[in-house]
Amino acid sequence: MLQVQFIRENKQTVLDGLAKRNFADAKAIIEEVLTTDETRRATQVSLDNILAESNKISKEIGGLFKSGKVEEANQLKAKTGELKEESKQLTEELNAAADKLNELLYQIPNIPHASVKAGKNEEDNEEVFKEGIIPDLGENALPHWELAKKYDIIDFELGVKITGAGFPVYKGKGARLQRALINYFLDKNTAAGYNEVQVPHLVNEASGFGTGQLPDKEGQMYHVTGDNLYLIPTAEVPVTNMFRDEIVQENDLPITVTGYTPCFRREAGSYGAHVRGLNRLHQFDKVEIVRVEHPDNSYNALNGMVEHIKEILRELKLPYRILRLCGGDTGFTSALTFDFELYSTAQERWLEISSASNFETFQANRLKLRFKNKEGKSQLVHTLNGSSLALPRVLAGILENYQTENGIKIPEVLVPYCGFDMID
RNA sequence: GGAGAGGUGGCAGAGUGGUAAUGCAGCAGCCUGCUAAGCUGUCAUCCUUCGGGAUGCCCGGGUUCGAAUCCCGGUCUCUCCGCCA
């Protein structure tokens with residue numbers, strides 16, 4: 001969430017930023033934030049004054065009792081009764097204003113970075129980079145779900161039997177390739193300095209709020225009601241929450257972490273051809289990278305993440321492009337997001353396989369993740385994350401782009417991880 | 001699942017009704033020629049007319065002139081027993 005103080009001091013910047021996102025009623029909500037904030041502060045001043053007086057009297061009473069002046073003390077007691085009534089009412093008003101303010105702030109998305117263009121949806125995203133060769137597969141090219149069946153490496157129906165749609169079973173070389181990808185990604189990330197972690201796949205409510213999945217995206221997560229825990233939709237949630245309510249030292253920065261987890265998403269409302277095969281699943285695997293950065297270095301770090309992901313795709317020899325998301329398509333919590341899309345030659349469409357974002361202080365503010373700066377004061381850090389990478393669509397891309405008449409070739413860098421060079 | 005103990009600042013750790021000790025670490029300044037020590041201030045959050053003021057001892061209620069301290073409810077952690085990969 002944004003900080004009120006920031007909104008107070010940069011009203012126009014905030015309005016301009018929200019306009020880029022096509023955020024409706026920006027002006028109205030910002031005005032409401034400002035008036036609510038004013039009410040809150042004015043109420044606090046009145047309340048503080050009353051409490052100050054009440055504290056003073058209490059001290060006097062203490063002194064009087066000690067010196068045995070019971071009658072005088074009792075007289076003062078009557079006065080505190082009135083003050084108590086007043087303070088009770090003001091406290092309620094203050095809480096109401098603070099709650100309202102928070103509620104409003106929860107609804108306001110992050111302010112986009114200067115480089116982000118205004119836009120409504122994915123059609124307005126800008127392609128900023130493109131690389132790789134789109135193979136010529138000929139007329140008989142098959143989409144990955146047919147390849148999966150042909151070579152018996154992914155069984156969607158079996159998953160339906162066990163659980164339901166969107167929970168595939170990987171078999172034989174399919175399972176092995178999947179595991180190879182996870183290991184390969186983790187190795188690349190740790191080689192780049194990311195610290196590998198294994199984190200819980202269920203999180204509590206506080207963590208859900210910390211990274212912003214709650215309260216707004218509650219319906220997208222699987223909820224274990226018996227214990228009030230949520231299955232993670234991404235490793236970002238447990239990994240970033242490792243640092244919730246922490247104050248780190250400035251020279252601890254940057255903190256860089258990578259982790260593999262399965263991800264669980266209800267994907268309520270998704271349908272149609274775009275969800276076929278591996279394109280959209282309820283459970284999938286992903287390797288994530290997270291960075292906690294000094295504010296001065298966060299954009300530099302974001303570029304570093306982008307370069308890192310590029311290198312992986314280069315090694316896999318897959319055709320891909322990078323998009324800078326427009327205001328309307330940038331996630332609620334993000335200031336700047338680059339999406340990586342892999343070209344699926346058989347489906348003739350781009351598939352999102354990674355997303356690298358700088359959240360600036362937006363997430364840190366909710367998380368209360370700060371560092372001690374040069375002045376010895378607590379200051380919010382910047383948080384970033386990215387997928388490196390999401391498995392199913394990379395797998396789909398490999399199956400489709402590497403298909404030959406004799407079977408599916410394994411990208412060279414993965415052969416040592418797989419122990420075979422062909423699925424046939 | 002049963003029983004018990006406990007949750008205090010970045011960390012450690014006092015405080016059992018009178019308004020959060022102390023130590024370590026961090027930050028700023030001063031001082032001093034010796035691998036750094038010493039001194040002073042600062043060191044949770046909010047408000048402020050910049051003088052201060054308020055809040056804060058896991059969370060929420062209550063008792064009281066006054067609560068970290070007493071009472072009620074919740075929650076989490078630890079220890080032991082049980083069960084178990």
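Residue numbering restarts at 1 for every chain, and letters A, B, ... go by the order of the sequence lines.
- Annotation: cation-pi geometry not satisfied between K173(A) and Y151(A) (NZ/CZ under 6.0 angstrom from ring centroid, within 45° of ring axis).
- If you check every strand for non-hydrogen atoms under 4.0 Å, K77(A) touches a base.
- The phosphate of G53(B) has neither OP1 nor OP2 within less than 4.0 Å of any side-chain N or O from K56(A).
- Taking every side-chain heavy atom of K88(A) into account, G62(B) is the closest of G62(B), G66(B), A54(B).
- Comparing atom distances between the R8(A) side chain and each of A54(B), C65(B), C47(B) picks out C47(B) as nearest.
- With hydrogens and angles left out, the side-chain atoms of Q363(A) and E236(A) include a donor and acceptor closer than 3.5 Å.
- Listed nucleotides: G26(B), G10(B), A54(B). Nearest to the side chain of Q249(A): G26(B).
- Using a 4.0 Å heavy-atom distance criterion, I247(A) is classed as a sugar-phosphate-only contact.
- Regarding Q379(A), its CD atom lies at a distance of 15 Å from the C1' atom of G26(B), rounded to whole Å.
- Just one of V237(A), L202(A), V203(A) meets the side chain to side chain contact (heavy atoms under 4.5 Å, CB included) condition when paired with L231(A); it is L202(A).
- For the C1' atoms, the distance linking C80(B) with A14(B) amounts to 28 Å, nearest Å.
- Between I111(A) and N10(A), every side-chain heavy-atom pair lies at or beyond the 4.5 Å cut-off.
- Using a 4.0 Å cut-off between charged side-chain N and carboxylate O, E32(A) and K100(A) make a salt bridge.
- Listed candidates were U55(B), C47(B), C65(B). Nearest to the side chain of T80(A) is C65(B).
- Residue L51(A) is in sugar-phosphate contact alone, with no base atom involved, counting any heavy-atom pair closer than 4.0 Å across all strands shown.
- R370(A) has a side-chain polar atom (N or O) that falls below the 4.0 Å cut-off from OP1 or OP2 of U45(B).
- Positionally, the nearest nucleotide of RNA chain B for D37(A) lies more toward the 5' end than for the other of L47(A) and D37(A).
- Looking at heavy-atom distances under 4.0 Å, Q44(A) makes contact with a base.
- In the set G66(B), C47(B), G10(B), C47(B) carries the atom at the smallest distance from any side-chain atom of R40(A).
- Closest approach to the S378(A) side chain among A44(B), C47(B), G18(B) is made by A44(B) (side chain taken as heavy atoms from C-beta onward).
- G52(B) takes the anti form, because its glycosidic angle lies more than 90° either side of 0.
- Atom name C1', nucleotides C81(B) and U16(B): the rounded distance is 32 Å, in whole Å.
- Between A44(B) and G10(B), the two P atoms lie 7 Å apart (nearest whole Å).
- Rounded to a whole angstrom, the distance from the C1' atom of C46(B) to that of A37(B) is 38 Å.
- A sub-4.0 Å separation between OP1 or OP2 of A54(B) and a side-chain N or O of N55(A) is present.
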